[in-house]
Asker: 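Below is a structure I'd like to ask you about.
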Amino acid sequence: MSMLKSLHMEWARFRGATGVVLTMTASVLVTVALGLLIAGGARSTCVTGEGEGPCPAPLLGPEGTAVNDKYYFVHQPLTGNGGITARVSDMTGQIRLPDAVPGVRNVTNGVLPWGKAGLLVRQSLTQGTPYAAVMITGGHGVRMQHNYIHDVPGGPVRGPKWLRLTRAGDTITGYESPDGKKWAEVGTVRLAGLPETVEIGLFATSPGNVQGMASRFAQATAAFDQIGLQGASGSWRRDDVGVSLEEDGRTPHHPGGAVESGGRLLVTGGGDIGPATLDGGLRADFTLIGGAVGLLLVLVAAAVFGGAGHRQDPGPGPVARAVVVGTAAFAAGLATAGLAVPLGLALLRANQNPIQPITLATELRVIVGYAALTAATAVLTLALAALVRRAVVAIVLAAAVIVVPYALATAGLAPWLLAITPAAGFAITQSVPTFAHVDTDPSPLMGYYPLPPWAGLAVTCAYAALALTAALSAHRRRTGLRGRPGDRRPDLQGRFTWTEERGSHPHLFAGAARRWARIRRCP
């Protein structure tokens, strides 16, 4: 039978399966309804100098990403080319932990892995402007970072570390040294449009202690000495860049500071210079949070359709059924994401929630990617149904490898499952990248996925392709052993017999018996 005829027959069978079509439609309604319900109930409030109210829009960096830009800066203006050299002799800090006694602050000494201190040059003190910095960190060695989202690793930090930052036009270069004599380049970046006069100096900051969806206070203190400037020779200026105010509108909230003594500077700061993943606003994929529930209905529809298919004429095989159910699932997923994402974002904005910036290309990738994920999981489930020949068993298996790993990872348990199971495809809905130089709770609720979007989807598609290949091989073995209904085959004595597919309707055997009476020996 030709593939075109097979597809036509399977499509007619799919349309005639009213329960399967209704289940697929229900998946769209359930996912969209859950997404809009959650988006409609979301309310973000912040405490500012003007009191409690709606959170401000996220701060955007030079490349349109939501960013944090808060640190303590001891600096001087630099006109033209030049640089700064200093030794970071020590870095300490404080970290707030969950309160052991309600109302009593639980603060311990220490530095978070991404606490940072070093040398920085930037266009101006205005938050969100371009910058470049070379630094030591609490647990990730020396780094060269610029424009918030770019990060280059350097060497390890074992004891005091010399740092150097130079400017030549728009080009900024960072160096490190163990002794101030032998220097190694960490990285070179270009800050397009850098003005003639920039601000250059020493900084310290530390992100909050992230635990789940909470971020608690932390700060870093760095000791700088043997400081040398080239091209700048003025008095030090001190700014707590981005510091927030208490409700009275005057008192700084967790201010930083600097103490100078005998050519040594102790700089203390809190905040971060980098991408804002936790506090940069709600994400677009938040609107698809009910996707796992809706996807479960798609698995049911695919398993029922695939389980019924093996009892029909085996001619078309699982490939034609996979094309039909995959196409239907893709359409369902496209309708789901095409409604949930834009409508959900509109509801979030209407309720004055800050939204993580999203480009049109990323929004389209989330929508089309979710449709592709829906199709791949449907094909995988159909192939499982064709292999085990039991719809219920196929549903349980599919849910165990797709829905359960996603649920566990969402709860913060075993996030690595999203790298090795078919649930990896959920990464395609990620609307904000995961940055290696930002600590975050490893959960899809926080936007974390161990694989990039397209790599995650590729894992799911690979599982679907393997399962479909196995189902096709099993189908060929079964039909090869039994033959097609009505086929005549010679036995070992040269006589022809009629074969019937096991599981066919009883009246077919009656017809076979009548035909058997007319068999004649071959000449």
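Nothing here was measured: the structure is a model prediction, and the numbers come from that model.
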Asker: With side chain to side chain contact (heavy atoms under 4.5 Å, CB included) as the test, would you mind laying out the steps for Leu34 and Val293 before giving the verdict?
Answerer: CA-CA 9 Å; Leu34 284 175; Val293 179; 4.1 Å; yes
Asker: Looking only at heavy atoms, what is the nearest atom pair of Pro153 and Arg143, with distance?
Answerer: CB-NH1, 3.5 Å
Asker: So which heavy atom on Gly294 is nearest to which on Thr31, and how close?
Answerer: CA-OG1, 3.1 Å
Asker: Per the ring-ring contact (aromatic ring centres under 6.0 Å, His included) rule, what does the pair list look like for residues 401-424, sequence neighbours excluded?
Answerer: Tyr406-Phe426
Asker: Within the 4.5 Å heavy-atom criterion, are Thr85 and Gln230 side-chain neighbours or not?
Answerer: yes
Asker: Can you tell me if CD on Glu260 sees more than 12 non-hydrogen neighbours from other groups inside 6.0 Å?
Answerer: yes
Asker: Under the ring-ring contact (aromatic ring centres under 6.0 Å, His included) rule, what pairs show up with a residue in residues 169-199, not counting sequence neighbours?
Answerer: none
Asker: Roughly how far, to the nearest 0.5 Å, is CD1 of Ile273 from CG of Asn147?
Answerer: 11.5 Å
Asker: Could you note down all residue pairs passing salt bridge (charged side-chain N to carboxylate O under 4.0 Å, His left out) where residues 121-135 supplies at least one of them, sequence neighbours left out?
Answerer: Asp69-Arg122
Asker: Output yes when Lys182 and Glu176 qualify as a salt bridge under the 4.0 Å nitrogen-oxygen rule, no when they do not.
Answerer: no
Asker: Under 3.5 Å, is there a donor-acceptor pair between the Glu363 and Thr359 side chains?
Answerer: no
Asker: May I have all residue pairs that pass ring-ring contact (aromatic ring centres under 6.0 Å, His included) and include part of residues 77-124, sequence neighbours excluded?
Answerer: Trp114-His140
Asker: Is any side-chain heavy atom of Gln145 closer than 4.5 Å to one of Val152?
Answerer: no
Asker: Just verifying a value: how many Å separate Thr381 OG1 and Leu299 CG, rounded to the nearest 0.5 Å?
Answerer: 4.0 Å
Asker: Checking the side chain of Asn351 only, and the main-chain atoms of Gly40 only, is there a donor and an acceptor separated by less than 3.5 Å?
Answerer: yes
Asker: Which label fits His150 and His146: parallel for a plane angle under 30°, tilted from 30 to 60°, or perpendicular past 60°?
Answerer: parallel
Asker: Could you state the interatomic distance from CG (Leu119) to CZ (Phe224), rounded to the nearest 0.5 Å?
Answerer: 6.5 Å
Asker: Check step by step if side chain to side chain donor-acceptor pair (under 3.5 Å) holds for Thr108 and Asn106.
Answerer: CA-CA 7 Å; Thr108 184; Asn106 183 12; over 6 Å; no
Asker: Side chains of Arg283 and Ser431: is there a donor and an acceptor less than 3.5 Å apart?
Answerer: no
Asker: Below 4.5 Å, heavy atoms only, C-beta onward: do Leu295 and Ile402 meet side chain to side chain?
Answerer: yes
Asker: Please report the shortest heavy-atom distance between Pro58 and Ala66, naming the atom on each side.
Answerer: CB-CB, 3.8 Å
Asker: List the residues meeting disulfide bond (SG atoms under 2.5 Å apart) with Cys461, not counting sequence neighbours, and say none if there are none.
Answerer: none
Asker: Please give me the minimum heavy-atom distance between Pro433 and Thr277, naming the atom from each residue.
Answerer: O-CG2, 4.3 Å
Asker: Could you tell me whether a side-chain N or O of Ser89 sits under 3.5 Å from a main-chain N or O of Ala223, the two making a donor and an acceptor?
Answerer: yes
Asker: Taking Thr377 for its side chain and Thr374 for its backbone only, find out whether a donor-acceptor pair lies under 3.5 Å.
Answerer: yes
Asker: Could you measure the distance from the CG atom of Asp285 to the OG1 atom of Thr429? Nearest 0.5 Å is fine.
Answerer: 5.0 Å
Asker: Name the atoms and distances for all side-chain donor-acceptor pairs under 3.5 Å in residues 417-424, with sequence neighbours left out.
Answerer:
from	atom 1	to	atom 2	distance (Å)
Thr421	OG1	Leu417	O	2.6
Thr421	OG1	Ala423	N	3.3

Asker: From Leu163 CG over to Ile227 CD1, what is the distance, rounded to the nearest 0.5 angstrom?
Answerer: 11.5 Å
Asker: Does the side chain of Arg105 come within less than 4.5 Å of Arg96's, by heavy atoms?
Answerer: yes
Asker: Can you list everything that forms a ring pair (Phe, Tyr, Trp, His ring centres under 6.0 Å) with Tyr449? Sequence neighbours excluded, please.
Answerer: none
Asker: So which heavy atom on Tyr448 is nearest to which on Pro415, and how close?
Answerer: CE2-CB, 4.0 Å
Asker: Would you please name every residue forming a salt bridge (Lys or Arg N to Asp or Glu O under 4.0 Å) with Arg264, sequence neighbours left out?
Answerer: none
Asker: Is any side-chain heavy atom of Val157 closer than 4.5 Å to a side-chain heavy atom of Val142?
Answerer: yes
Asker: Looking at Tyr148 and Thr129, would you say the former's side chain and the latter's main chain have a donor-acceptor pair under 3.5 Å?
Answerer: yes
Asker: Between Ala39 and Gly344, what is the shortest heavy-atom contact and its length?
Answerer: CB-O, 3.7 Å
Asker: Carefully, step by step, assess Leu265 and Val259 under the rule side chain to side chain contact (heavy atoms under 4.5 Å, CB included).
Answerer: CA-CA 6 Å; Leu265 271 168; Val259 177; over 6 Å; no
Asker: With rounding to the nearest 0.5 angstrom, report the CG to CD distance, Leu345 to Gln356.
Answerer: 11.5 Å
Asker: Quick one: does any side-chain atom of Arg164 pair with a main-chain N or O of Val134 as donor and acceptor, under 3.5 Å?
Answerer: no
Asker: Indicate yes or no for a side-chain donor-acceptor contact from Asn81 to the backbone of Gly169 under 3.5 Å, with no hydrogens or angles considered.
Answerer: yes
Asker: Taking atom types as modelled and ignoring hydrogens, do the side chains of Asp90 and Thr92 form a donor-acceptor contact shorter than 3.5 angstrom?
Answerer: no
Asker: Quick one: does Ser244's side chain get under 4.5 Å of Pro252's, heavy atoms only?
Answerer: no
Asker: Please identify each residue that fulfils salt bridge (Lys or Arg N to Asp or Glu O under 4.0 Å) with Asp239, with sequence neighbours left out.
Answerer: none
Asker: Kindly write out the residues that satisfy side chain to side chain donor-acceptor pair (under 3.5 Å) with Thr410, not counting sequence neighbours, or none if the list is empty.
Answerer: none
Asker: Pair up each side-chain donor or acceptor in residues 192-208 with any protein partner under 3.5 Å, not counting sequence neighbours, and list the distances.
Answerer:
from	atom 1	to	atom 2	distance (Å)
Thr197	OG1	Thr79	OG1	2.9
Glu199	OE1	His75	ND1	2.6
Thr205	OG1	Lys70	O	2.9
Thr205	OG1	Gly271	N	3.2
Thr205	OG1	Gly271	O	3.3
Thr205	OG1	Asp272	N	3.2

Asker: For the pair Leu282 and Thr287, evaluate side chain to side chain contact (heavy atoms under 4.5 Å, CB included) and give the outcome as yes or no after the intermediate values.
Answerer: CA-CA 9 Å; Leu282 298 176; Thr287 61; over 6 Å; no
Asker: Are any non-hydrogen side-chain atoms of Gln123 and Leu191 less than 4.5 angstrom apart?
Answerer: no
Asker: Would you please test Leu380 and Leu466 for side chain to side chain contact (heavy atoms under 4.5 Å, CB included) and show each step?
Answerer: CA-CA 9 Å; Leu380 172 59; Leu466 287 173; over 6 Å; no
Asker: Do Tyr72 and Arg238 touch side chain to side chain, with heavy atoms closer than 4.5 Å?
Answerer: yes
Asker: For His253, which residues count as a ring pair (Phe, Tyr, Trp, His ring centres under 6.0 Å) partner, sequence neighbours excluded?
Answerer: none
